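Here is the structure we will look at.
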Amino acid sequence: MPKEPLIQPVAETAAEPQPAPPPEPPVVHHAPRPSLFIVHITPEMAPIAKIGGLADVVFGLSRELAIRGNHVEIILPKYDNLRYDQIFDLQPVYNDLWVPWYDGAIHCTVYFGFVHDRKCFFIEPHSHDNFFNRGSIYGFPDDVFRYAFFSRAAIEFLWQSGKHPDIIHCHDWQTALVPVFLYEFYQSLGMTHPRVCMTIHNFKHQGVTGAELLRATGLHQPERFFDWVRMGDNHHKNAINLLKGGIVYSNFVTTVSPRYAFETKDQGQGFGLESTLHTHHMKYGGVVNGIDYDVWNPEVDRYIPVNYGLGNLDDKYENKRALRQRLMLADNDKPIVAFIGRLDPQKGLDLVRHAIFTTLERGAQFVLLGSSPDQGINNDFWGLKHMLNDSPDCHLEIGFDEDLSHLIYAGADIMLVPSQFEPCGLTQLIALRYGTVPVVRTVGGLADTVFDKDHSDRPLHQRNGYRFDDYDVPGLESALIRAIDCYYQYPEHFRELMKNAMNADYSWNHPGQDYLNIYDFIRDR
């Protein structure tokens with residue numbers, strides 16, 4: 001676990017006469033904290049290769065670590081659909097990288113470029129397998145092999161180029177083989193310095209596969225790697241589990257909130273990895289994600305018509321008017337309830353559907369922005385859109401629009417996040433920053449960041465939204481109706497919730513320090 005803070009709270013004692021103060025002690029100048037060399041190996045990074053929150057985490061955390069004086073580099077696949085307009089000075093820097101694969105090797109070129117001041121390396125394999133030139137990032141039958149190759153290529157590049165980072169930080173199942181390769185192959189070749197931290201952003205995806213992967217990657221001892229204590233899947237005798245391998249071989253494993261760490265280990269949300277997490281519980285913990293306040297900040301947001309903050313909170317309502325105008329909603333005194341996110345069953349779609357009608361029945365407006373790769377789900381919400389098309393108080397936008405998402409965060413009054421499970425959640429963190437009161441289910445990172453106005457044990461100034469426990473209609477209504485009623489009946493209380501939300505600090509400042517504590521804990525072990 002991370003080291004204890006250097007300064008501990010002092011216990012209160014009864015007041016008693018004090019002697020005259022002693023002379024001031026001499027000032028002690030502590031040596032500055034040593035800079036670390038940190039390498040992130042990741043399948044995604046915003047804004048150049050983004051599918052979900054993983055991309056935002058790598059983008060925000062890498063900047064925070066660099067700001068704190070560390071040398072940070074990021075290794076990604078060179079996808080053909082990268083946002084090349086966001087990469088500055090891209091050029092080849094390593095032309096002859098040969099990566100072992102099956103009984104031979106694949107020739108790769110490594111490129112370097114800057115992405116908003118972040119130092120990024122991109123690995124391009126020259127192979128008939130065409131690993132990363134497919135027009136999209138995921139969704140192919142050989143995804144496990146694609147990312148197994150990328151993991152081997154990334155660690156091979158570090159070794160051949162003479163890089164010996166203090167910390168290698170891997171993300172999700174796609175890079176979970178990196179610590180396996182490091183400790184099975186590269187330590188004996190001289191890479192004894194790096195320590196590995198792995199962050200699991202979602203346990204649902206684990207990279208479960210068969211023995212062919214061992215042959216491809218050179219892990220030629222199936223009896224060793226199929227062993228339950230290493231990579232043998234907990235529920236399929238003839239399968240290996242990449243994510244499990246990452247947990248076993250990493251020096252520390254994090255997930256993206258303390259509550260989600262507890263749920264995955266002790267409440268059955270580890271998708272079969274609960275026993276592995278119990279075995280390795282001494283090196284497992286949760287760190288809440290941050291959000292990038294350079295991007296998500298109503299005071300400087302370039303996507304909204306009127307910037308605002310705590311000092312001019314009434315200007316938020318100019319954005320509410322602009323949102324109504326853009327979506328052709330009635331301009332009235334009603335609150336706007338919003339949902340932004342992937343239309344994925346994980347996000348609680350049946351409750352979202354019910355919330356639309358509950359909101360309209362309670363005299364409020366509803367706005368939705370989202371889409372799904374599942375055409376059946378999209379069709380269902382298109383049907384809802386046509387059903388409600390004539391309502392002046394409802395607009396469903398099936399798709400994704402970056403500009404519109406910012407305007408909804410700024411213009412809505414209430415943000416709905418009724419997830420079945422939620423490792424961390426960025427939606428509620430962004431909503432808090434914009435003074436948009438979240439209504440969330442008490443799971444994962446939602447429970448770690450939103451504190452109920454009426455039922456929290458937190459001080460009043462820390463209460464910032466509404467929560468419900470049970471994943472059902474009565475649970476949803478218990479929170480959503482309280483939020484709408486508070487808006488109408490106790491506007492001064494609702495305004496205090498908005499202020500509390502905006503006062504909370506969910507930047508990368510705190511998680512950045514948490515990760516540095518973890519790095520310090522493992523780097524000398």
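As the structure is a computational prediction, the values presented were derived from the model and not from experiment.
Note: His40 and His171 have parallel aromatic rings, judged against thresholds of 30 and 60 degrees for the angle between ring planes.
Shown here for Ala447 and Arg467, the closest heavy-atom pair between the two residues is O-NH1, 2.9 Å. Across all their heavy atoms, Asn464 and Thr449 have their closest contact at ND2-O, 3.2 Å. Across every non-hydrogen atom of Ala154 and Ile75, the tightest pair is CB-CG2, 4.0 Å. Across all their heavy atoms, Arg195 and Ile522 have their closest contact at CG-O, 3.3 Å. In terms of heavy-atom proximity, Ile484 sits nearest to Pro335 at CG2-CG, 4.5 Å. Considering every non-hydrogen atom in both Val288 and Cys424, the closest pair reads CG1-SG, 4.1 Å.
Contacts classified as ring-ring contact (aromatic ring centres under 6.0 Å, His included) and involving residues 356-384 (residues at least two apart or in different chains) are given here: Trp382-His386. Applying the salt bridge (charged side-chain N to carboxylate O under 4.0 Å, His left out) test to every pair with at least one member in residues 345-373, sequence neighbours left out, gives these pairs: Lys347-Glu422, Arg353-Asp380, Arg362-Asp485. Judged as a salt bridge (charged side-chain N to carboxylate O under 4.0 Å, His left out), the pairs with a partner in residues 389-402 (not counting sequence neighbours) are, in order, Arg326-Asp401, Lys334-Asp393.
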Under the side chain to side chain contact (heavy atoms under 4.5 Å, CB included) rule, what do Ile41 and Phe150 come out as? Steps first, then yes or no, please. CA-CA 9 Å; Ile41 301 177; Phe150 169 64; 3.8 Å; yes
Begin with the C-alpha distance, continue with both residues' side-chain angles, and end with the deciding distance and a verdict on salt bridge (Lys or Arg N to Asp or Glu O under 4.0 Å) for Asp469 and Arg441. CA-CA 6 Å; Asp469 295 338; Arg441 183 157 173 258; over 6 Å; no
Walk me through whether Glu477 and His354 qualify under side chain to side chain contact (heavy atoms under 4.5 Å, CB included). CA-CA 9 Å; Glu477 290 184 344; His354 187 84; 2.7 Å; yes
After noting the C-alpha distance and the side-chain angles of Tyr515 and Glu64, does the key distance pass the side-chain hydrogen bond (donor to acceptor under 3.5 Å, both in side chains) rule? CA-CA 10 Å; Tyr515 275 111; Glu64 181 67 29; over 6 Å; no
Passes side chain to side chain contact (heavy atoms under 4.5 Å, CB included), Trp228 versus Ser275? Steps please. CA-CA 11 Å; Trp228 186 84; Ser275 60; 3.6 Å; yes
Stepwise side chain to side chain contact (heavy atoms under 4.5 Å, CB included) test for Met498 and Leu313: CA-CA 9 Å; Met498 295 168 63; Leu313 187 51; 4.1 Å; yes
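Around atom CG of Asn332, more than 12 heavy atoms belonging to other residues, nucleotides or ligands sit under 6.0 Å away.
Side chain of Lys283 to backbone of Ile247: a donor-acceptor contact under 3.5 angstrom is found. The closest donor-acceptor contact from the side chain of Tyr79 to the backbone of Pro43 lies under 3.5 Å. Judged purely by atom type and a 3.5 angstrom limit, Arg259 uses its side chain to pair as donor or acceptor with the backbone of Thr442. A donor-acceptor distance shorter than 3.5 angstrom exists from the side chain of Asp374 to the backbone of Gly376, with no hydrogens or angles considered. Judged by distance alone, the side chain of Asp233 and the main-chain N or O of Ile240 form no donor-acceptor pair under 3.5 Å. Put simply, the side chain of Asp448 never gets that close to the backbone of Ser257: no donor and acceptor are under 3.5 Å apart. Looking at Lys316, its side chain does come within 3.5 Å of a backbone N or O of Tyr434 through a donor-acceptor pair. In terms of modelled atom types and a separation under 3.5 Å, the side chain of Asn500 and the main chain of Leu460 share a donor-acceptor contact. Between the side chain of Lys244 and the backbone N or O of Gly232, at least one donor-acceptor pair lies under 3.5 Å. Using modelled atom types, one side-chain atom of Asn251 and one backbone atom of Val196 make a donor-acceptor pair closer than 3.5 Å.
His493 pairs by the ring-ring contact (aromatic ring centres under 6.0 Å, His included) definition with Tyr490, not counting sequence neighbours. Evaluation of the side chain to side chain contact (heavy atoms under 4.5 Å, CB included) rule for Phe271 yields Phe203, Lys204, Gln206, Phe421 as partners, not counting sequence neighbours. Taking Arg63 as the reference, Asp294 meet the salt bridge (charged side-chain N to carboxylate O under 4.0 Å, His left out) condition, with sequence neighbours excluded. Scanning for side chain to side chain contact (heavy atoms under 4.5 Å, CB included) contacts around Gln86 gives Pro47, Ile48, Arg83, His116, with sequence neighbours left out. With sequence neighbours excluded, the residues that form a ring-ring contact (aromatic ring centres under 6.0 Å, His included) with Tyr519 are His169. With sequence neighbours left out, the ring-ring contact (aromatic ring centres under 6.0 Å, His included) criterion links Tyr487 to Phe494. With sequence neighbours excluded, the residues satisfying side chain to side chain contact (heavy atoms under 4.5 Å, CB included) with Thr427 are Tyr409, Met415, Val417. The side chain to side chain contact (heavy atoms under 4.5 Å, CB included) test applied to Val295 returns Asp292, His406, not counting sequence neighbours.
Here Asp331 pairs with Arg324 in a salt bridge; the nearest charged N to carboxylate O distance falls below 4.0 Å. Comment: Asp454 engages Arg482 in a salt bridge, judged by a side-chain N to carboxylate O separation of less than 4.0 angstrom.
Between the side chains of Gln513 and Asn517, a donor-acceptor pair is found at a separation under 3.5 Å. In summary, the side chains of Ser151 and Thr175 do not present any donor paired with an acceptor at a separation below 3.5 Å, with no hydrogens or angles considered. Thr436 and Asp413 form no side-chain donor-acceptor contact under 3.5 Å, judged by distance and modelled atom types alone. Between the side chains of Asp266 and His278, at least one donor-acceptor pair of N or O atoms lies under 3.5 Å. Donor-acceptor pairing under 3.5 Å is lacking for the side chains of Gln269 and Thr264.
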Which atom pairs, one a donor and one an acceptor, fall under 3.5 Å between side chains of residues 54-62 and the rest of the protein, sequence neighbours left out?
from: Asp56; atom 1: OD1; to: Lys50; atom 2: NZ; distance (Å): 3.2
from: Asp56; atom 1: OD2; to: Lys50; atom 2: NZ; distance (Å): 3.1
from: Ser62; atom 1: OG; to: Val58; atom 2: O; distance (Å): 2.7
from: Ser62; atom 1: OG; to: Phe59; atom 2: O; distance (Å): 3.1
from: Ser62; atom 1: OG; to: Arg118; atom 2: NE; distance (Å): 3.4

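A cation-pi arrangement, defined by a distance under 6.0 Å to the six-membered ring centre and an angle within 45 degrees of its axis, is present between Arg433 and Tyr293. By the 6.0 Å and 45° rule, Arg463 does not stack over the aromatic ring of Phe451.
For the side-chain contact (heavy atoms from CB on, under 4.5 Å) with Val72, the lone residue among Ile167, Leu65, Val39 that qualifies is Leu65.
Side-chain contact between Asn319 and Pro305: present, with at least one pair of heavy atoms (C-beta onward) separated by less than 4.5 Å. Looking at Thr199 and Val287, their side chains never come closer than 4.5 Å, going by heavy atoms from C-beta outward.
To the nearest 0.5 Å, atoms CH2 (Trp173) and OG1 (Thr209) are separated by 9.0 Å.
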